[in-house]
Every structure is written in structure tokens, then in C-alpha cells.
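Note on naming: letters A, B, ... go to the chains in the order of the sequence lines (proteins, then strands), and numbering restarts at 1 for each one.
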Protein chains: 2
Amino acid sequence: MLITSEDNSFIKKIKKLKDKKGRYEEKLFFVEGLNSVKEALDSDFKVEYVVVGEDVEFEFKGDFKLIRIANKLFKKISDTVTPQKIMAIVRMPVYREEDFIKEEGVYVIADNVQDPGNLGTIIRTADAFGADAVFTINNSVDIYNPKVLRASMGSIFHIPVIATANEVLYKLKGKGVKVFATHLKGEKFVHEVEIDKGTAFILGNEARGVSSLDFVDGFIKIPMTGRAESLNVSIAAAIFLYESQRQRLIKNKQNGIILKKYSQMR
Amino acid sequence: MLITSEDNSFIKKIKKLKDKKGRYEEKLFFVEGLNSVKEALDSDFKVEYVVVGEDVEFEFKGDFKLIRIANKLFKKISDTVTPQKIMAIVRMPVYREEDFIKEEGVYVIADNVQDPGNLGTIIRTADAFGADAVFTINNSVDIYNPKVLRASMGSIFHIPVIATANEVLYKLKGKGVKVFATHLKGEKFVHEVEIDKGTAFILGNEARGVSSLDFVDGFIKIPMTGRAESLNVSIAAAIFLYESQRQRLIKNKQNGIILKKYSQMR
């Protein structure tokens, strides 16, 4: 069966998922493009529907409904100007954040980060460098925003990304995890502080910085010698995550542990 | 005098600057917003015009023409959805790339980088970490694209950003600068290679990677233990630039040199 009408109830439901309100009412979100759809199907997430255009071949099998729609309808439900005519409709996972908070973990906390490209890139980078979770607090952009998901390049399916409240900082500290932020009043450079494990990095809003400074255990500086006064938040997160990874590698090498790609280091 | 008509010859000229062809015909580009306009005026660049809306107060003096236009016209000439009603029209600088290629320099080369946000972020990060120049080759997005300039946050006025050809790689190598790229066949991690100075990092296209592999002296790996298969190009550039900076800091510390913000380290 091919859906051809914009008034079809399925199309109406999917259109709602472009907005945050609609996503949370339905508890669904969508990802677009063949790679993202494959990532969703390979993950532990529940894919409810795969939506394809009238002329798209799709061979994958699985516990989902395949819905075929007229190509012209993709413009109505897609977040992109030139839709790829394949989309997965995915159920939002229910995470218990306590399950991911551990003494030796590495975390990123996005505090009122507004730009979806920045948040998506932070998620992708946290995944690449083996972080244990990404938390968003204080009115950050929605983690299921289509632009966040596009920039995250499927990493949302690899590591827990949890929209939560400031209390997560207490929970981290309760486990002995040290929370760092970058700040001009920081006394040490990021490479001078031990951040290989049991460490969280809180990233502030692009314009206003970190709003939850009371929770911060230590301020660190990223060494900048040029004339740019600041870094993009996703770049700052990457420096922290890379430096944490570098420190783990060096310790592991000292202990005779060799890094394997795709293996857990901790 | 207030310009109110879209048919005014000045407005027609400025509208052309939204497109690459028009920019290179006029040899002009524009930056938007008060901060960027100030950066332009504080720089060695020649600001030809400052364009403001009908109700904008602008006190700065300088060797430029102040043009006041009806607010509604900003929508026609701006690259943003909600224009800030202040814009500087700037003459493109004429760089001799040889002047910036030196034995001890640190460089980033963007090879067919297509996304303007990525290129702008690379420029901003190169500035922050004290790189000597950014070169673009092989059909990268135009360095004066308004979205590049917005993401670069004024750094285009701080370090030389030069659109050039592959030959720049010969020139760098002629000075003894080593050219590195990230690649799966890299044998060493970025922190295991000496990249404090006399080093250039070539970044490939978001989808296809580096096209000029013949020029590369060494392949390095960025240590990734998670499931993300790659990093955003601007993140990869940042890791290289940060690691280079970290190595310089450590050497300088060993030599008793203290980092000063805004001072040249080399």
C-alpha cells in the first residue's frame, strides 16, 4: 500500500515529530537517511516504522512496519531540503541515569547548549572517545531534534544521551566523579589535571557559559595563544574528551594494555 | 541620507556579495553583527562601508563610508533570517602565501571541505591555538562565504586564511614543514608524533577524505575507542591543533618559557 495523501493519519502523526511537543506526546523521534536507519535497526532501540519513498528498495528485515509513501510527501515530514526518502521512526528509550553513573566513568554535561549542530557533534565526539554518557540540563536543545540527530551521525544509538536536571551533578559527585568546567579563572591547563577517569566535563551555553558553577569541582583552562577569545562548545568538549583519552592511553601503555578499536578501555 | 529602495545601485551591489561570483567580481565580502564589524575595524583589513539600519546608533570613526538603509532592506542583503542591522563591507586582502610559510610554522590545510560551519570553526580554532595560517585547496567552500565568516567569529581578521592550490603543499615541504593526515593506516597516535612546530595538518572532505594523499609525509591516528567511526573534520583539526599546542607548552615549560595569553609562543 502506498500513502499518497497529506491528510492520511500516519502522515499527520509523523509530521508532529518535527516539533519537540509532538515528539514527547508520541514518545517517538525520527532519523533520516540509509546510514542512520541502519544504525537504528542495529541498535537496541525499538524502531516502530521504516518509511520509504515510492521508488526506494529496502531489503532489511526486522520487527518494524515498512510504510511506503509518495515521494512528494517526504518534503512534508522531512527536516531536510532534499529528503533522502528513507526514515526510521524510533521509540524514545527509557534510561535510568543511575545505571550509567559509575566511579570510573567519563561524562559530558551540556548545560543550556542551544545549537543543535553543536550538541550533535558533542554526542558524536563523546561516542568516538569512549565516554560513558552525555547529559543535557537547563533547557538545552532537545536531544531528539532532527538537526541534533543528523550531526550526531548515529551516535545517539551508541551511547546513552539523557535529558535530565541539575541533580545529575549531585549523583555524579556522590559517586566521586569530579566535575570540571573551563573558566578564565582556571589555574591549571587541561593536560595538567588528571582526567583519565571518574571525570565529567560541563559545557555552558554558547553565549553565557556554565549556569551551574556551584557544582563545579575544578576550573581548567584550554591553552589558547592566538587572538580568538573562545572556542566553539563542541570543540571545547572534544579537547577535554581527547585529553581524557590520551591520559588513559598513556596509563594503559604503562600497564601493558593495548588499545583496540571498538573495545572498551575501562 | 537613508536608502529605502531595493533598486538603489548600492543595494544591488551589496546583494551580489551573497554569492561567490559577485564577491570575487567586486573583491569585497561582508560580515554581520556589531562584534564582527568591530573586529573588522580593529583589523588591518580595509573596511569600505559600514551599513546600518535606520534606527541603529553607530559611534565608531574610521576611514569608511557609513551607509544608512531602511530596516526592511536588511532582509535583502543579509545572510541571516533575523538580521542584526549592522554590516561591514570589507575589501578582500591580497596575501602572498610565501610570506607566511616558515620552517617553524603550524598550518591547517582544508582539502575540499564543503560545510561552511566546519570551515569557519576550523579557522576559529586555528586562531585560538596560535596556528600561522589556514589554507584551503581543491574546491573547498569559499572562505568569504557568510556562513564561514559567522562560524569563524572574527578569526578571519586574526590569521591569514588563503584559498590556494595544491602547490602550497610543495611550498610547505620546501621549507621542511611536515604534512600530516589522519588515516586508518596511520601507525602512531597524534600524541606520539612530534608536531609542536614545522607541521601542517591536511583535512579531507567530510565524505571522501583527503584527495592529495601523495603529498602527505605521515599518517596519524586519533585514538577512538567508542563506536563512532569518524570525527567531524573541525573536531579532527581541533585535536591536532590542541596536541600541537600542548607539545609546545610542555617544551616551553622545560625551557622556562611561560605562556602568556595573546603572546606569540614561537
Enquirer: Looking at CD1 of I101(B) and CG of D132(B), how far apart are the two atoms once the value is rounded to the nearest 0.5 Å?
Expert: 10.5 Å
Enquirer: Please say whether more than 12 non-hydrogen atoms of neighbouring residues, nucleotides or ligands are located less than 6.0 Å from NZ in K188(A).
Expert: no
Enquirer: Tell me which of these, T125(B), I222(B), I159(B), has more heavy-atom pairs under 4.5 Å with chain A than the rest.
Expert: T125(B)
Enquirer: Pick one: which of D127(B), L149(B), V90(B) meets side-chain contact (heavy atoms from CB on, under 4.5 Å) with F157(B)?
Expert: V90(B)
Enquirer: Check each atom of I250(A) against the heavy atoms of chain B and say whether the ones under 4.5 Å are side chain, backbone, both or neither.
Expert: side chain
Enquirer: In terms of heavy-atom pairs under 4.5 Å, which option from E39(B), E243(B), K221(B) contacts chain A the most?
Expert: E243(B)
Enquirer: Using every non-hydrogen atom in the two residues, find where Y95(A) and I156(A) come nearest and quote the distance to one decimal.
Expert: OH-O, 4.4 Å
Enquirer: Answer yes or no: is there a side-chain heavy-atom contact under 4.5 Å between F129(B) and V106(B)?
Expert: no
Enquirer: Below 4.0 angstrom, N of the basic side chain to O of the carboxylate: do E194(A) and K251(A) qualify?
Expert: yes
Enquirer: Which distance, rounded to the nearest 0.5 Å, do you find between the CG of L119(B) and the CG of D142(B)?
Expert: 9.0 Å
Enquirer: Which residues from residues 231-238 of chain A are near chain B, with near meaning under 4.5 Å between non-hydrogen atoms?
Expert: L231(A), N232(A), S234(A), I235(A), A238(A)
Enquirer: Assess the residue pair F201(B) and L241(B) against the criterion (side-chain contact (heavy atoms from CB on, under 4.5 Å)); give the C-alpha distance rounded to whole Å, side-chain angles, the decisive distance to 0.1 Å, and a yes or no.
Expert: CA-CA 8 Å; F201(B) 185 55; L241(B) 288 160; over 6 Å; no
Enquirer: Counting neighbours of NZ on K178(B) that are heavy atoms of other residues, nucleotides or ligands and sit closer than 6.0 Å, is the number greater than 12?
Expert: no
Enquirer: Does atom NZ (K46(B)) have a neighbourhood of more than 12 heavy atoms from anything else shown, all under 6.0 Å?
Expert: yes
Enquirer: NZ of K18(A): more than 12 outside heavy atoms within 6.0 angstrom?
Expert: yes
Enquirer: Going by residue number, which parts of residues 78-88 of chain B are within reach of chain A, meaning a heavy-atom gap below 4.5 Å?
Expert: none
